There are 2 protein chains.
Amino acid sequence: MPKKVDHHERRTLIADALMRVAAEQGLEAVSLRHVAAEAGVSAGMVQHYFRTKDEMMGFALSVVRERGQKRVGEAVARLGPDPAPRLLLRTFLAAVLPLDDAGREDGRVALAFLAYTAVRPATEPSLRTDTAQLVEFVAGLLPRGRNENAAGVLALMEGLGMYLLSGQYTQQQALAALDAHLDLLFSRQVSASDG
Amino acid sequence: MPKKVDHHERRTLIADALMRVAAEQGLEAVSLRHVAAEAGVSAGMVQHYFRTKDEMMGFALSVVRERGQKRVGEAVARLGPDPAPRLLLRTFLAAVLPLDDAGREDGRVALAFLAYTAVRPATEPSLRTDTAQLVEFVAGLLPRGRNENAAGVLALMEGLGMYLLSGQYTQQQALAALDAHLDLLFSRQVSASDG
DNA sequence: TGTTATGCAATGCAGTCGTATTGCATAGTG
DNA sequence: CACTATGCAATACGACTGCATTGCATAACA
């Protein structure tokens, strides 16, 4: 059999180019030829590794997700064993937020994909992460009686991400809002009925 | 001079069709001919009322925003004069969330536009609402000492909206998260709840 | 009633799209 | 060495895009 090429590597190379195009010019600018040019390869090669455009999009989407999970995992691992719940939660949330350039680029792409998949139910379950699991994870880190706020924490994070991406909040504002929220969650309060 | 036609009405008619297409098939499916077909008019007429596609997009975007503001305004006005801060805040937030079908459609379109304008700085300032003013508005409704949580409230709302649109949270979950957050913010006060 | 600016439809054009097809160089196998 | 599956490039094709242009009916004004 002929040439041996690392398929996955080639596909990732192309997916990276796709994400660069999407981050800079939006998902509508993503075409086979455009991606090929960005990747510095021929359009034929893109076709060779992805039989259809949707297949390419799907693969790129999976790369985005994996990259995000990897970033979060590394940030958390950097905390060492048995970190304090609040610190762990904050690290997790901050790792998801698009704070540095790389994160911003990924965030732009993720946002584009979100709008993209909002219309294509086929690829949706891939992006529709195990949010329920995330909610449980967050709930486990909150003080007792605050379990009901877990979903809100994730929503706050997502919203902060959007405001960051659209440039309406600065990094400082977003982190301040995040910390203010954590203050609220981890502060001792008297609630009227059960909290 | 010839026929007298309500320009704004025609443009709105076309923009409505555009939003229907965008809500159902995404913004990439928005083309002059497609929108014209959806509106039940000729492609030439669309061209007649919008000299360029970008002009049409911009107008549709402004319609989305106006519609949203109108919905919020009406919901707030329905409260009557001098509503309690928490009720006013909750009403405002719930009015922004995509809870009914109409809101969901508008939300889809808004999301598509968000990703769209994320790449086109020209139209961005139009969508980049006076968020700062909103933050101030929210801050004025929060109990004293909670001003720093205003930005977080907006982010939470935005995030809940996204989770609602992507189907990751149900209405009940989103409203529960919203109320749990309000409970936290208004911890000393009467907790309200309604469907 | 004639004039004319306007509303609107139809067509054409250059460009891009996704994809199917074809051709070929080549590296690994027998 | 001969063979062949594979990597990859190139091209063709029909559909679609935004936009410019053209033509014409008509309603308001002179």
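Predicted, not measured: the structure shown is a model, and the values here were computed from it. Each chain gets a letter, A, B and so on, in the order the sequences are listed, and its residues count up from 1.
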Separation of dG7(C) P from Asp6(B) CG (nearest whole Å):
11 Å

Contacts of His48(A) and Arg33(A) projected onto DNA chain D by closest heavy atom; the upstream (5') one is His48(A)

Is it the case that the ring center of Phe92(B) lies less than 6.0 angstrom away from the ring center of Phe137(B)?
yes

Closest approach to the side chain of Gln47(A), judged atom by atom: which nucleotide of dA20(C), dT21(D), dC8(D) is it?
dA20(C)

Spacing of Gln25(B) atom CD relative to dC16(D) atom P, expressed in whole Å:
13 Å

Check the phosphate of dT16(C) against Ser31(A), side-chain N and O only, distance under 4.0 Å to OP1 or OP2. Yes or no?
no

Please pick, from dG18(D), dC8(D), dT19(C), the nucleotide with the shortest atom-to-atom distance to any side-chain atom of Thr52(A).
dT19(C)

Any donor-acceptor N/O pair under 3.5 Å between dG7(C) base and Arg10(B) side chain
no

Could you tell me the separation between the CE atom of Met57(A) and the P atom of dG18(C), rounded to a whole number of Å?
9 Å

Quick one: sort the Tyr163(A) and Tyr169(A) rings into parallel, tilted or perpendicular, breaks at 30° and 60°.
tilted

With the side chain defined as heavy atoms from C-beta on, Tyr49(B) is closest, among dG7(D), dG7(C), dT19(C), to dG7(C)

Can you establish whether the number of heavy atoms outside Glu136(A) located under 6.0 Å from its atom CD is more than 12?
no

Using whole Å, what does the distance between atom C1' of nucleotide dG7(C) and atom CZ of Phe50(B) come to?
15 Å

Point-to-point distance, once rounded to the nearest 0.5 Å, from CD1 of Ile14(A) to CE of Met19(A)
13.5 Å

Taking dG7(C), dT19(C), dG7(D) as options, the one with an atom nearest any side-chain atom of His7(A) is dG7(D)

Atom-to-atom span, CZ of Arg51(A) to C1' of dG7(D) - whole angstrom
16 Å

Between atom CG in Leu32(A) and atom C1' in dT19(C), what is the gap in whole Å?
8 Å

What is the distance, to the nearest angstrom, from the CD atom on Glu9(A) to the P atom on dG7(D)?
13 Å

From dA9(C), dG7(D), dG18(C), nucleotide with atom closest to Val5(A) side chain:
dG7(D)

Could you check how far NE2 of His34(A) sits from C1' of dG15(C), rounded to whole Å?
15 Å

Across the strands shown, which category fits Val30(B) at heavy-atom distances under 4.0 angstrom: base, sugar-phosphate, nothing?
sugar-phosphate

Plane angle bin for Phe50(B) and Phe59(B) - parallel if under 30°, tilted between 30 and 60°, otherwise perpendicular:
tilted

